[in-house]
**Q** 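Sharing a structure with you now.
Chain naming here is simple, since letters A, B, ... match the order of the sequence lines and numbering starts at 1 in each.
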Amino acid sequence: MSLLESLASNVKTLNQLQQFHAQILHHSLHGQNFWIANLLRICTTVRAPLQYARQLFDSVPHPNVFVFTSMLKFYSQLNSHSDVLELFARMRTAGVSPDAFVFPILIKSTTADQGTAIHAHVLKLGLNSDRYIKNALLDMYARRGPIVVARELFDEMSEKAAADWNAMISGYWRWGDETGAKEVFETMPGKNVVSWTAMVTGYCKMGDLVKARDYFDGMPVKTVVSWNAMLSGYSQNGFAEEALSSFKEMMDEGVKPDETTWVTVISSCAACGDLKMAESLVSFLESRRLKLNCFTKTALIDMYAKCGNLTAARKIFEEMNNRNAVSWNAMISGYARHGDLASSRELFDMMPEKNLVSWNSMIAGYAQNGHSAMAIELFKGMTTMEEGLKPDEVTMVSVVSACGHVGALQLGKWAVDIIVKNKIELNTSGYNALIYMYSRCGSMKEAKRVFQSMPSRDIVSYNSLIAGFAAHGHGYEALDLMSKMTQEGITPDRITFISLLTACSHAGLLEEGKKIFESIKEPSIDHYACMVDLLGRAGDMDEAKKLLDTMPMQPHAGVYGALLNASCIHRKVELGELAARNLFELEPENSGNYVLLSNIYASANRWNDVDRLMITMRQMGVKKNAGMSWIEFNGKLHHFVAGDRSHERREDIYRYLEELGQRLRSLGYLVDKSCVLRDVEEEEKEQMLMTHSEKLAVAFGLLVTEAGAVIRVVKNLRICSDCHLSIRMISKLEGREIIVRDNNRFHCFKHGECSCKDYW
DNA sequence: TTAGGGTTAG
């Protein structure tokens with residue numbers, strides 16, 4: 001016996017454990033509670049596989065309190081709280097009464113609402129004098145709150161162990177109470193390395209790395225855990241390089257890194273995004289012949305994915321035999337980030353137990369790669385398919401942005417309802433997404449309301465709202481907002497200036513725009529493009545050309561595009577040709593440039609040039625994509641392509657189209673074959689969309705289809721009496737001749753009259 | 001036995 005006992009104390013690895021197990025079997029001691037309890041305890045220290053521990057437990061016909069406790073401890077180390085609770089229930093059914101050793105384990109696994117019940121139970125059993133149980137209860141309240149109850153228990157203790165002080169310190173930090181944590185730390189007698197590390201972690205979580213470093217440097221003793229705390233503090237606050245240099249420092253001091261260190265170092269390397277550095281880290285790890293655990297391998301997957309080597313990431317993923325949800329998610333988001341949505345979705349569909357992050361990664365993947373409708377659809381799948389999975393802020397940021405991207409106001413409002421119903425708290429980026437959505441949908445009133453209501457605003461908040469004002473022609477409001485932002489100490493950036501110049505351009509604020517442009521310290525190429533656009537639209541074509549000629553960098557397509565567009569508005573054939581020539585070289589596949597130039601030729605009655613251009617376009621294989629549009633109804637997006645008759649309810653649509661036309665005419669709307677238009681205010685437009693039936697919405701979509709363009713409610717409508725084409729007259733151009741290309745025809749409007757010419 | 005450190009999504 002004594003030989004076996006001494007053997008037991010020497011077991012350090014799973015292998016030794018198995019040998020020891022064999023010895024016990026050999027001595028026919030198998031099944032005895034004492035030995036199985038011992039073996040299970042060793043299982044916990046050597047982190048034996050769950051399967052192995054379960055087999056041991058099941059081999060005992062009548063487990064006693066020691067066997068139960070050892071097994072509970074094993075589950076607890078794995079954080080399998082449900083297994084702990086289940087086994088505890090089994091223990092009570094088996095009539096085995098729990099002792100003082102069981103309760104700390106049990107308390108650690110209880111859910112929030114069971115906590116007080118357990119506390120009451122402990123009091124009833126008179127076990128509340130046990131220091132470990134008291135510590136477990138204190139820790140439970142410190143973690144889950146109310147923290148004041150933890151403090152009461154703490155104050156009631158006549159003798160406090162270091163663990164009690166430390167649980168209190170980290171409890172205060174968990175609730176963001178720096179003062180509380182500091183007070184306990186400072187009054188604590190015999191601070192140990194755990195107390196100091198808790199302070200370092202606390203300041204790291206607050207983002208105060210200077211104070212964290214002060215405490216770290218002041219530590220009388222440091223362990224690898226203290227180093228890890230400091231390293232992850234740097235890493236998680238976005239200071240990857242500091243994390244890596246502190247790691248070097250740690251190595252120089254001869255501290256042996258552990259698995260947690262590696263995970264932090266790998267993730268810092270991932271944040272740098274430097275593939276060369278990543279590869280040298282991997283060879284460093286290989287040279288040390290480390291056995292990597294699941295966390296480390298997952299961090300490596302993420303690192304390779306972020307550094308752009310998805311093949312290497314996938315290889316590690318495929319070779320892993322113990323993947324967890326995070327490993328899957330790292331791979332899924334890795335593919336999504338690089339735009340490989342097919343691979344991303346394939347893994348997503350294969351993944352056995354998807355969690356919220358999996359859904360968020362996939363939804364964000366669609367949203368950020370321009371597949372807004374897919375993002376919204378997937379989100380609906382998440383809310384209907386996955387019971388008990390509630391969207392969070394990250395989900396809603398993607399969904400709201402996707403709604404904004406397609407300009408679907410009703411869907412956007414539905415997303416807002418979900419935020420409200422689920423009481424999802426938004427931080428700045430959440431509010432920014434709302435501003436973006438409302439701005440894109442043209443609800444500037446709502447966008448302003450969100451902007452005013454948010455607790456703190458960053459540069460993105462300002463930029464989103466300014467971009468909204470810019471897009472809708474509210475030039476002065478955009479400029480006012482810029483002054484407000486500088487007053488609040490936020491310096492406009494590249495994007496702000498782009499929006500401001502766009503705002504001036506759309507509102508025709510030439511002088512203001514010039515001032516803005518002059519105030520930019522180092523104008524980028526995009527700023528020059530905006531300025532050419534502003535000058536060009538305002539009619540100052542010579543200035544526009546001069547700016548293009550004198551700009552310090554090679555103009556890109558955006559600059560020439562602005563010039564071409566202005567040439568089209570002001571019918572400048574030569575300048576238009578110049579711009580177009582450059583554009584045909586820079587982006588030969590863009591059909592829009594051909595169309596604009598042909599419009600210029602048409603306006604000059606140079607029909608031969610129009611024909612020549614159209615032939616070139618066909619020879620070059622440039623195709624104008626069919627106009628695609630969509631309309632939202634009942635939370636569903638209906639897509640339409642010009643000329644498409646494949647909608648499942650086409651018969652209803654056609655029948656309704658007639659009725660609709662009549663009804664709208666009787667309401668005073670101007671209706672023609674291809675569009676329903678009239679001066680309509682924002683509220684009225686919303687009401688129209690909301691009060692009519694689904695048929696109406698679908699019919700709107702079809703009208704869009706027939707016209708081959710997105711439906712718009714516009715002002716200053718003109719309708720061609722001959723071909724029934726309706727166009728939007730820009731007030732500035734009133735009285736001038738306008739050329740529109742639509743339905744394979746050119747339509748020249750002048751004073752409301754139209755002359756048409758077929759070109760194929 | 002109790003207290004301190006780790007990977008994924010915007």
**Q** With sugar-phosphate meaning primed atoms plus P, OP1 and OP2, does A/Thr223 contact a base, only sugar-phosphate, or nothing at under 4.0 Å between heavy atoms?
**A** base
**Q** Classify A/Ser226 by what it touches in the nucleic acid, base, sugar-phosphate, or nothing, heavy-atom distance under 4.0 Å.
**A** base
**Q** Looking at A/Thr197, I'd like to know whether one of its side-chain N or O atoms comes within less than 4.0 Å of OP1 or OP2 on B/dG5.
**A** no
**Q** Using a cut-off of strictly less than 4.0 Å, decide whether A/Arg174 has a side-chain nitrogen or oxygen near OP1 or OP2 of B/dA3.
**A** no
**Q** Among B/dG6, B/dT8, B/dA3, which nucleotide sits nearest the side chain of A/Asp139?
**A** B/dA3
**Q** Is A/Arg337 touching bases, backbone alone, or none of the nucleic acid, heavy atoms closer than 4.0 Å?
**A** sugar-phosphate
**Q** Classify the ring geometry of A/Phe317 against A/Trp328: parallel below 30°, tilted from 30° to 60°, perpendicular beyond 60°.
**A** perpendicular
**Q** Of the nucleotides B/dG4, B/dT1, B/dT8, which has the atom closest to the A/Ala198 side chain?
**A** B/dG4
**Q** May I have the distance from A/His338 (atom NE2) to B/dA9 (atom P), rounded to whole angstrom?
**A** 12 Å
**Q** For the pair made of CD1 in A/Ile42 and P in B/dT1, what is the distance, rounded to whole Å?
**A** 13 Å
**Q** Hey, is A/Phe101 stacking on B/dT1? Ring centres under 5.5 Å, planes under 30°.
**A** yes
**Q** Would you mind classifying the nucleic acid contact of A/Asn427 as base, sugar-phosphate or nothing, using non-hydrogen atoms under 4.0 angstrom?
**A** base
**Q** Using atom CE of A/Met303 as one end and atom P of B/dT8 as the other, report the distance to the nearest whole Å.
**A** 12 Å
**Q** Select base, sugar-phosphate, or nothing to describe what A/Val200 touches, counting heavy atoms under 4.0 Å on all strands.
**A** nothing
**Q** Measure across A/Asn322 and A/Cys294 and return the closest heavy-atom pair with its distance rounded to 0.1 Å.
**A** O-SG, 3.3 Å
**Q** Could you tell me the separation between the CD atom of A/Glu353 and the P atom of B/dT8, rounded to a whole number of Å?
**A** 21 Å
**Q** Please verify the inter-ring angle class for A/Tyr203 with A/Tyr215; under 30° counts as parallel, over 60° as perpendicular, anything in between as tilted.
**A** parallel
**Q** Give the nucleotide from the list B/dT2, B/dT1, B/dG6 with an atom nearest to the side chain of A/Arg131.
**A** B/dT2
**Q** Kindly point out which of B/dT8, B/dG6, B/dA3 is positioned nearest to the side chain of A/Asp302?
**A** B/dT8
**Q** If you count heavy atoms of other groups shown closer than 6.0 angstrom to CD of A/Glu241, is the number above 12?
**A** no
**Q** Would you indicate which nucleotide in B/dT7, B/dT1, B/dG5 comes nearest to any side-chain atom of A/Lys73?
**A** B/dT1
**Q** Go through B/dG6, B/dT8, B/dT1 for me and flag the one nearest to the A/Gln236 side chain.
**A** B/dG6
**Q** Applying the 5.5 Å / 30° rule, does A/Tyr132 stack onto the base of B/dT2?
**A** no
**Q** Looking for any heavy atom pair under 4.0 Å, which part of the strands does A/Arg323 touch: base, sugar-phosphate only, or nothing?
**A** nothing
**Q** Side chain of A/Asp258: nearest nucleotide among B/dG10, B/dG6, B/dG5?
**A** B/dG5
**Q** Roughly, in whole Å, what's the span from CG in A/Asn228 to P in B/dG5?
**A** 10 Å
**Q** Let me see the working for A/Met454 and A/Ile435 under side chain to side chain contact (heavy atoms under 4.5 Å, CB included), right down to the final yes or no.
**A** CA-CA 10 Å; A/Met454 61 197 288; A/Ile435 296 174; 3.8 Å; yes
**Q** Contact class for A/Lys160 vs. all strands (heavy atom < 4.0 Å): base, sugar-phosphate, or nothing?
**A** nothing
**Q** Under the 3.5 Å rule, do the base of B/dA3 and the side chain of A/Asn192 count as making a donor-acceptor pair?
**A** yes
**Q** Take the protein atom CE of A/Met230 and the nucleotide atom C1' of B/dG6, then report the distance between them rounded to whole Å.
**A** 16 Å
**Q** With heavy atoms under 4.0 Å as the rule, sort A/Asp99 into base, sugar-phosphate or nothing.
**A** nothing
**Q** Indicate, with a heavy-atom threshold strictly under 4.0 Å, whether A/Ala364 touches base, sugar-phosphate, or nothing.
**A** sugar-phosphate
**Q** Would you check if the side chain of A/Ser361 reaches a backbone N or O of A/Val357 as a donor-acceptor pair within less than 3.5 Å?
**A** yes
**Q** Rounded to the nearest angstrom, tell me the gap between atom CG in A/Leu231 and atom P in B/dG4.
**A** 19 Å
**Q** Would you indicate which nucleotide in B/dG10, B/dG6, B/dT7 comes nearest to any side-chain atom of A/Thr298?
**A** B/dT7
**Q** Taking the minimum atom-to-atom distance to the side chain of A/Thr260, which one of B/dG5, B/dG4, B/dT7 wins?
**A** B/dG5
**Q** Within less than 4.0 Å of OP1 or OP2 of B/dT8, is there a side-chain N or O belonging to A/Lys354?
**A** no
**Q** Which is true for A/Ser361 with a 4.0 Å heavy-atom rule: it touches a base, it touches only sugar-phosphate, or it touches nothing?
**A** sugar-phosphate
**Q** Does the side chain of A/Asn355 pick up a donor-acceptor pair with the side chain of A/Asn329 at under 3.5 Å?
**A** yes
**Q** Between B/dG5, B/dT2, B/dA3, which nucleotide has the shortest distance from any of its atoms to the side chain of A/Asn166?
**A** B/dA3
**Q** Check whether more than 12 heavy atoms from other residues, nucleotides or ligands sit under 6.0 Å from atom CZ of A/Phe101, and answer yes or no.
**A** no
**Q** Without decimals, in angstroms, what is the distance between A/Lys108 NZ and B/dT1 P?
**A** 13 Å
**Q** Please classify the nucleic acid contact of A/Asp392 as base, sugar-phosphate, or nothing, using heavy-atom distances under 4.0 Å.
**A** base
**Q** Donor-acceptor pair under 3.5 Å: do we get one between A/Glu393's side chain and the base of B/dG10?
**A** yes
**Q** Please classify the nucleic acid contact of A/Asn355 as base, sugar-phosphate, or nothing, using heavy-atom distances under 4.0 Å.
**A** nothing
